[in-house]
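Here is the structure we will look at.
Below, each value reflects all heavy atoms present in this structure, side chains not excepted, and no hydrogens, waters or symmetry copies. Here the structure is a predicted model, which means the values were calculated and not measured. Whatever order the structure lists ligands and atoms in, that order sets their numbers, starting from 1.
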Amino acid sequence: MSNVKILTGGSLPNIPWQERPANDRHDAPVWRYTENPIIDRNPMPGIARIFNSAVCPYEGGFVAVLRGEQVNGVPYIYLGWSRDGIHWEIEPEKIPFVDEKGEPFMPRYAYDPRLVKIEDAYYAVWCQDFYGASIGMAKTTDFKTFTRLENPFIPFNRNAVLFPRRVNGLYLMLSRPSDSGHTPFGDIFLSASPDMTFWGKHRHVMSKGTKWWESVKIGGGAAPIETSEGWLLFYHGVSSTCNGLVYSIGGAILDIDEPSRVLYRCENFLLTPEEWYEERGFVPGVCFPCATLQDADTGRIAIYYGAADTYVGLAFTQVDEVVAYIKAHSVTCEADTELGIR
Ligand code: BMA
């Protein structure tokens, strides 16, 4: 039993799990699954790589929305099924979205999906074309029919994460507005909606960091986990090197009732590329978190992340340890709190 209570998701006794190796020398209490990557290259005909993907518990097992890069290079979203959260069966056809009238709808491309259960429905959020990179959304209750929802924002924005419950009666979404290129900037903002159609009450949450590992841009990662200490957010931070950008995983804790307020923000990365499957691939040097599973009974958290834009990796942490680490190394700045409200 952990001291910090996990309030999102309840018991998940079949969460994928491996204890931290006794000889682990990392600073942060986040460790990799020894059998990574869990999804390898060329996982099925027509798909060269699967990465940056999200999972949810479903009917005693797990379901995933997967970023599948086709052999023509165009990414779409595929469904995956698993009994253990580690071995996946992937449906051969891309998710057949429908529009509000039930007519087929297929974006020109779709990538970096997230998946979250809110009340009795599941929502997928991803990046798609809408006169430029924008956020696409769909709702499902059975993983057979995915009905698209209105685009929440105008372009350009390609990184969005929903909260798993309403706060003060409103749905909440983190996103990272940007420009038309491979943006060399970006902060995390919060938007609210009464109905998943109209989004507003925009608030600034976090700027790119003062520390070098996240000094270029940041973006939401996994859906925030509600804990007794606040919303635990795993996000990505990007640094620039003479060999290109490097994506690491960072951690922050947001206020429960006003999540645009950053209570703690870890000045150190929690996970940075260092294994072969993170350093070598289509885009070397990328750890890109998109989902977590968590078990309220034990405090265990499993983090799913894209590795080198090529593989899916799995890492683990324990809520008490990761919250203590984030708090012990917390550095927030003026830009991390409520600029949008003033
Ligand atoms: C970002 C997104 C991610 C990708 C990352 C590293 O801008 O496009 O899908 O993982 O770059 O290439």
Checklist entry - Considering only the protein, which heavy-atom contact is closest to atom 10 (O) of ligand 1, and what is its distance? => result Asp309 OD1, 2.6 Å
Checklist entry - Salt bridge check: are Glu229 and Lys5 linked by an N-O gap of less than 4.0 Å? => result no
Next on the checklist: Can you confirm if the aromatic rings of Trp231 and Phe163 lie within a centre distance of less than 6.0 Å?
Outcome noted: yes
Item to check | ligand 1 versus Asn52: contacting region, heavy-atom distance under 4.0 Å | outcome: side chain
Checklist entry - What residue and atom, counting heavy atoms only, is the protein's closest point to atom 3 (C) of ligand 1, and at what distance? => result Asp112 OD2, 3.2 Å
Checklist entry - Tyr311 and Asp40: side-chain donor and acceptor closer than 3.5 Å? => result no
Item to check | Pair Glu267 + Lys211, salt bridge at N-O below 4.0 Å | outcome: yes
Item to check | Which residue and heavy atom of the protein sit nearest atom 11 (O) of ligand 1, plus the separation | outcome: Tyr247 OH, 3.0 Å
Next on the checklist: Is it the case that over 12 heavy atoms from other parts of the model lie below 6.0 angstrom from the CD atom of Glu274?
Outcome noted: yes
Item to check | N or O contact, Arg158 vs ligand 1, cut-off under 3.5 Å | outcome: no
Checklist entry - So which of Ile38, Asp84, Ile86 actually passes side chain to side chain contact (heavy atoms under 4.5 Å, CB included) with Pro16? => result Ile86
Checklist entry - What atoms of ligand 1 come closer than 4.0 angstrom to any heavy atom of Arg67? => result 9 (O)
Checklist entry - Which protein heavy atom lies closest to atom 7 (O) of ligand 1, and at what distance to 0.1 Å? => result His182 CE1, 3.2 Å
